[in-house]
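So the structure is just underneath, and the comments pick up after that.
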Amino acid sequence: LAGAVPEEERCTVERADASLTYSLFLQRFAFSRPVILRGVTDNSAFRALCTREKLLAAFGARPVRLSTANTYSYRKVDVPFQDYVEQLLTPQDPARLGSDTLYFFGDNNLTEWGPLFQQYVSPPFRIPGTSPAYSFGIAGSGSGVPFHWHGPGYSEVIFGRKRWFLYPPDKTPHFHPNETTLAWLHHTYPTLPPAEQPLECTLRPGEVLYFPDRWWHATLNLDTSVFISTFLG
């Protein structure tokens, strides 16, 4: 089963294109429900800088901080970026616990990664009173972060496909905090009655998901994926 990640074509998250105005975004989505945006930015230049070869050339010898892939992610491990890409960027073992799975996402040294982030075109819509902070990640097939919540933000897929599962703040999902998203998908997801199923969708390159404040969400990378989130804090 290692690396066997089912794809779900069904999408229950609303989509919007570049015709969405800021006022409509605030009215319909900002404080109430997620939305997938397409065509609101062009990150082809940023994508060209995020190939395996260019990232290894720019950051290969530099350390990156990895987190465990469980809900609380307390354990941190520092390794050279090249070691992570060449040794740890492998398909997720469905039997492995989240505390034993290392994942590169979010703990970015902004002095080192800042020049790359300056090339990223972030989504145009802001929540009043917030400012953006970037989190960049690369992960193997079948990896992901189990259910958790925080403030509002965006997530964009640069390479690969990323499946999302979301619940509103008043609907706590059924999950074990040390179970990987892949294990949850195999064991818990098939048992959920319709009323307890999450909103879900698979993001592809160029698509941006917006999630409101305190919405539960879990992620699952269907391929080796490069992605960036914009947290609005």
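Using a distance-only test at 3.5 Å, with no hydrogens or angles considered, a donor-acceptor pair links the side chain of T181 to the main chain of T219. The backbone N or O of L110 sits nowhere less than 3.5 Å from a side-chain atom of N108 that would complete a donor-acceptor pair. A donor-acceptor distance shorter than 3.5 angstrom exists from the side chain of N109 to the backbone of T111, with no hydrogens or angles considered. Side chain of T12 to backbone of E200: a donor-acceptor contact under 3.5 angstrom is found.
Contact record, P124 with T41: CD-CG2, 4.1 Å, taken as the closest heavy-atom pair. Across all non-hydrogen atoms, the minimal contact from L102 to L66 is CB-CD1, 3.9 Å. Closest of all the heavy-atom pairs between F231 and S135 is CE1-OG, 3.2 Å. Between P146 and A218, the shortest heavy-atom contact is C-CB, 3.8 Å. Among all heavy-atom pairs drawn from P212 and S32, the shortest one is CG-C, 4.1 Å. Heavy-atom minimum distance, W184 versus L192: CZ2-CD1, 4.0 Å.
With 3.5 Å as the limit, one finds a donor-acceptor pair spanning the side chains of K76 and S67. A donor atom on one side chain and an acceptor atom on the other are found under 3.5 Å apart for T101 and Q92. A donor-acceptor contact closer than 3.5 angstrom is absent between the side chains of S225 and D223. Checking N178 against S99 by side-chain atom types alone, a donor-acceptor pair falls below 3.5 Å. Residues N221 and S143 have side chains that bring a donor and an acceptor to within less than 3.5 angstrom of each other.
By the neighbour-count criterion of 12 heavy atoms within 6.0 Å, atom CZ of R126 is densely surrounded, having more than that number from other residues, nucleotides or ligands. Annotation for F31: atom CZ counts as buried by contact number, over 12 foreign heavy atoms lying within 6.0 Å. Within 6.0 Å of CZ in R204 there are more than 12 heavy atoms belonging to other residues, nucleotides or ligands.
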What's the verdict on ring-ring contact (aromatic ring centres under 6.0 Å, His included) for F29 and Y210, showing C-alpha distance, side-chain angles and the deciding distance?
CA-CA 8 Å; F29 303 111; Y210 169 77; 8.0 Å; no
Verify ring-ring contact (aromatic ring centres under 6.0 Å, His included) between H150 and H217, making sure each step is shown before the conclusion.
CA-CA 9 Å; H150 43 66; H217 53 279; 4.7 Å; yes
Would you please test R15 and E207 for salt bridge (Lys or Arg N to Asp or Glu O under 4.0 Å) and show each step?
CA-CA 10 Å; R15 294 180 183 270; E207 294 183 320; 2.6 Å; yes
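When hydrophobic clusters are built by joining Ile, Leu, Val, Met, Phe, Trp and Tyr residues whose side-chain heavy atoms come closer than 4.5 Å, directly or via intermediates, L203 is not grouped with L220. A single hydrophobic cluster is not seen to contain both V79 and Y103; linkage of ILVMFWY side chains at heavy-atom distances under 4.5 Å, directly or through other members, places them apart. Linking ILVMFWY side-chain heavy atoms closer than 4.5 Å, directly or via other members, places V13 and F227 in a single hydrophobic cluster.
Looking at residues two or more places apart in sequence or on another chain, you find no salt bridge (Lys or Arg N to Asp or Glu O under 4.0 Å) involving R214. In this view, K54 and T51 satisfy the side-chain contact (heavy atoms from CB on, under 4.5 Å) rule, not counting sequence neighbours.
For the atom pair CH2 (W215) and NE2 (H148), the distance works out to 14.5 Å, reported to the nearest 0.5 Å. Taking CD1 of I138 as the start and SG of C50 as the end, the distance is 7.5 Å to the nearest 0.5 Å. If you take CG on L55 and CZ on R62, they are separated by 11.5 Å, rounding to the nearest 0.5 Å. Distance OG1/T191 to CD/E196: 8.0 Å, rounded to 0.5 Å.
When the options F104, Y84, W113 are evaluated for a ring-ring contact (aromatic ring centres under 6.0 Å, His included) with F59, the one that passes is W113. When each of F175, F147, F211 is tested with W216 by the rule ring-ring contact (aromatic ring centres under 6.0 Å, His included), just one qualifies, namely F175.
In this pair, Y22 and F25 present their aromatic rings parallel. The plane angle is below 30°, not in the 30 to 60° band.
Annotation: cation-pi geometry satisfied between R163 and Y189 (NZ/CZ under 6.0 angstrom from ring centroid, within 45° of ring axis).
Using a cut-off of 4.0 Å between Lys/Arg side-chain N and Asp/Glu carboxylate O, D17 and R38 are scored as not salt-bridged.
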